[in-house]
Amino acid sequence: MEYNSKNIEKKWQTTWSETKAFEPSDDQTKEKKYILSMFPYPSGRIHMGHVRNYCLGDAFARFFRKSDFNVLHPIGWDSFGMPAENAAIKHKLHPKKWTYENIDYMRDELKSLGLSFSETREFATSDELYTKWEQEFIIEMYKNDLLYRKSTTVNWCEPCHTVLANEQVEEGCCWRCDTPVEQKEMPGYYVAITKYAQELLDDLDGLKEDWPSQVLTMQENWIGRSEGLEFTLELSKDSRFKLNKSFSNYSVFTTRPDTIYGVTYSALAPEHPIVKFIVEHKLLPENKINAIKEMQKVSERDRATEDKKGVSLEIDVIHPLTGETIPVWVANFVLSSYGGGAVMAVPAHDQRDFEFAKQYDLPLKQVIVGSKGLIEKPTEAFTNEGELINSESFTGLKNTKAKKAILYHFEQNSLGSKKINFKLRDWGVSRQRYWGAPLPFVHCDSCGLVPEKLENLPIALPSDVEITGEGNPLDTHPTWKNCSCPKCGSDARRETDTLDTFVQSSWYFLRYATNPKDWETTGISKKDSDYWMDVDQYIGGIEHAILHLLYSRFFTKALNKLGYTNSKEPFKKLLTQGMVLKDGAKMSKSKGNVVDPDLIIEKYGADTARLFMLFAAPPTKELEWNDSAVDGSYRFIKKFFERSANVTKESLETFKNINHKSLSKEEKTARKKVYEALQKSNEVFNKTYTFNTLIASSMEALNALQTQKNEDVWAEGYYILSNILEPIIPHTCWEISQNLFEKENFNNTIEIKEEVFELDSIILAVTINGKKRCEIEVEPNASKEDILSIAKEASLKWIEDKTIIKEIVVPNKLVNLVIK
Ligand code: ANZ
Ligand code: ZN
């Protein structure tokens, strides 16, 4: 019984593929599980992060398949996107060729891990059929006002030649190439995700049990709902004249109406129309105009990390309740696209306002006091709850009450109204790139923007393009753009923007859910998605906590609204895996600390890689690569495989009739360990996900089996262990199970036998003067006296001619003797 991972793994991978072992059944009366690991981008080779992701997913899929569920466990490729174009520029390879060659290579790599994917549902998002159905519902979204075209300032990345969504800008830089992002005015297509802001927020509630709380919080903050008061500040008469009567007021938003009497200035964003007007008409001295222009150049993201900056605009507004005049400033901390792009500033109670006031020596006015009363020389804003002072008729109210009272006062006197604001912005999906799904629209001189006719879909990419890295290849292509208007038939131009690749990854799970037999004719199948959705277990990296998960949630809701599915949330349970590190750092080419999965599989086999991945750390924690632990994993599998020779032919007939009472102590312990592992298995897959503890339990069980010689106990041990380890080291377990049990044990009918957990003795450590000397065996409910007398007898040689000055018995744990 020599363990030869190569032969075993090759054999089973071939068998699985030939027998289509992992195709889901069409029988929709069976209970289902949809297990999904986030699909990969076909970058060229798989890395350890992939290995971890897919080994985790595969473990779930195999566990539930074995437990008699109809399991959908698909794989595909997120195959549009920039790297394909970059490769085209660098290596003069067509993006399509590069992409599909990578897919072929990576498919084999994944196959060599023995992953139980459905092969018939595999697809790539750049497949024309996928584009076709995507374009169809993009048109539906357009018709239902969920997608629209508008011109705005956008984040522009010059090296990538593309617009970036806010979410794709990280600290002012492109998320892909790290170049500082510029601001540029441009028309583009937007998905109206803000229409679903409230629903996206509310439905997080239903995910509380089964999504990491960290992810829920990140989504909540990203959506960023706040409730407050919106009102207008009227410009003073003088100021209106200064502004050539072009403006008479502007709107502000506050979440703290209770602080309204503490307003000492107001601040506008550098992009506010009034500020722009002042700059354009040079209504301030030149040095001020220049200072404002400097502020405008800095992107909003960078402003957030700068010191507070501002310029006095030499105009005033009137306080809506007191009638006082209040100076107006332009300030770098006011966001242009939020709450009207202007604030009422309350430096005594808002930290940003406070810092700005300190910087420019503006007055503070405290209107809320805590138990310490008025603060003489404040060093920061007072943001605690308290009681109102200096607030006319509202003085004396608790500030929480005052919030409501002042809001009510504004509404009653038609001065303002309650307002709910969201941080979430509509999602810009236009990209000026070739390797993406074309937006299915046509520009016609007489009809304007017209969606393409459904029968003309897909609008496929031209294959004869030159990719230079400059501009959009679709735009510079000599003929592709030319088309006729779907409405009036006259000459028209095709839209050359392509969709953000996040669009494709926002609904791919619905593609898998559709029976491949119907895909070509129906697109997303409602009947199939009714059965397979929602995804029962989703597994992927925490880096997708906001973008991908929010967009997928939105698309699920939008497609539901458009009648494509009945699903409202895509992912029932979410597991976010930790990173794979080496020498304490993320594996990366630049650090030179990459471990190549192919080499590990070559050297040890896939089962070793899989076991290590699940054993080295709980799935949500970072996993540190460790060569000797990989070695250890290999040795365990080898031992597990080779010791299966201890299961005799005869015992296979008799092991189901073990008489527990008649067993020796070692035999009993071995059985107990085996059943403990079985118990753990159910717990781990359904609840805790701590595969490492399941593996540790199995290792203990194998060790315990080796301390005894009962053939029936051996047989039973292998019957159970090869069942519970199948999701983790499938090749080895299929081989063992085939040899011994003809896979009869690959089901969920193995019952836990309670008899094995009944203890007939307990081991206690005996410690003398703090040092463990020996162990004793006592009955589970032995009295203190009995325990002590057994302990003393066992430790006679240490205590013989000493005096015992203290005796401590910790039931079920230890005996402690202090001697002199
Ligand atoms: C006065 C005030 C007093 C405020 C106070 C806060 C505390 P969220 O929760 O983010 O919605 N604000 C409003 N519009 C803004 C903009 N365009 N740029 C920067 N800040 C803006 O916060 C809303 C609060 O942020 C508003 O309430 C406003 O400041 C500020 F003791 O108004 B507050
Ligand atoms: Zn037309």
Side-chain angles (χ1 to χ4, degrees), residues 166 194 197-198 201 217 220-233 250-276 295-296 298-306 308-310 317 319-322 326 328-357 362-370 375 378 380-391 394 398-400 402-403 406-407 410 415-425:
N166 282 339
T194 52
Q198 189 64 50
L201 183 67
T217 308
E220 199 177 313
N221 292 341
W222 192 264
I223 297 167
R225 181 185 195 274
S226 35
E227 253 180 58
L229 164 68
E230 187 178 60
F231 66 97
T232 50
L233 285 169
Y250 58 86
S251 153
V252 295
F253 171 70
T254 177
T255 47
R256 296 289 307 275
D258 51 323
T259 64
I260 187 94
Y261 290 94
V263 175
T264 57
Y265 65 98
S266 171
L268 307 179
E271 288 76 20
H272 194 281
I274 293 180
V275 179
K276 281 188 175 165
M295 288 169 67
Q296 289 171 333
V298 183
S299 79
E300 212 154 66
R301 292 205 173 223
D302 290 344
R303 287 176 201 163
T305 52
E306 281 185 330
K308 299 278 174 297
K309 266 191 211 140
V317 286
H319 190 289
L321 301 186
T322 66
I326 297 164
V328 181
W329 287 63
V330 52
N332 67 344
F333 69 90
V334 183
L335 306 170
S336 59
S337 61
Y338 189 72
V343 301
M344 67 174 221
V346 186
H349 300 291
D350 178 285
Q351 188 59 25
R352 292 162 301 179
D353 298 349
F354 179 88
E355 287 164 18
F356 191 85
L362 296 162
L364 263 61
K365 191 173 162 200
Q366 190 175 351
V367 290
I368 296 171
V369 288
I375 302 163
E380 59 182 4
F382 178 78
T383 55
N384 292 346
E385 312 275 272
E387 202 169 276
L388 265 65
I389 56 166
N390 293 329
S391 299
F394 302 98
K398 289 202 76 169
N399 78 298
T400 39
K403 250 187 209 176
I406 293 174
L407 179 68
F410 268 82
L415 293 170
S417 55
K418 182 175 162 175
K419 167 93 183 182
I420 293 162
N421 265 335
F422 290 94
K423 293 262 151 56
L424 189 67
R425 292 280 157 267

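Both counts, for ligands and for their atoms, begin at 1 and track the order of listing. From a predicted model like this one, the values you see are computed outputs, not experimental measurements.
- Atom numbering of ligand 1 starts at 1 in the shown order; those under 4.0 Å from a heavy atom of V334 are 16 (C), 17 (N), 18 (N), 19 (C).
- Annotation: side chain of K398 is not in contact with side chain of E385 (no heavy-atom distance under 4.5 Å).
- Proximity of a side-chain donor or acceptor of R425 to a complementary backbone N or O of S337 within less than 3.5 Å is detected.
- In terms of N/O distances under 3.5 Å, ligand 1 is not approached by V343.
- Below 30°, between 30° and 60°, or above 60°: for F253 and Y338 the angle between ring planes is above 60°, a perpendicular geometry.
- Contact annotation for M344 and ligand 1: heavy atoms of both the backbone and the side chain come within less than 4.0 Å of the ligand.
- Contacts with ligand 1 closer than 4.0 Å are made by heavy atoms of both the backbone and the side chain of T254.
- Nearest to atom 6 (C) of ligand 1 among the protein's heavy atoms is D350 OD2, 3.1 Å.
- Considering only non-hydrogen protein atoms, atom 18 (N) of ligand 1 sits nearest to L335 N, 2.8 Å.
- Using cut-offs of 30° and 60° for the angle between ring planes, the Y261 and F394 rings count as tilted.
- Closest to atom 19 (C) of ligand 1 by heavy atom, among Y338, F333, F253, is F333.
- Put simply, the side chain of N399 never gets that close to the backbone of D258: no donor and acceptor are under 3.5 Å apart.
- Within the listing of ligand 1, atoms 3 (C), 31 (F) sit less than 4.0 angstrom from a heavy atom of T259.
- The shortest N or O to N or O distance between R352 and ligand 1 is below 3.5 Å.
- Listed for the Q351 side chain is a donor-acceptor partner under 3.5 Å among the backbone atoms of A381.
- Of the candidates K423, H349, R225, it is H349 that places a heavy atom closest to atom 31 (F) of ligand 1.
- With hydrogens and angles disregarded, no donor-acceptor distance shorter than 3.5 Å links the side chain of H272 to the backbone of A267.
- Close N/O approach between S226 and ligand 1 is found [any backbone or side-chain N/O within under 3.5 Å].
- The closest approach between a heavy atom of T255 and any atom of ligand 1 is below 4.0 Å.
- For the 3.5 Å distance criterion, the side chains of S336 and E300 qualify, holding a donor opposite an acceptor.
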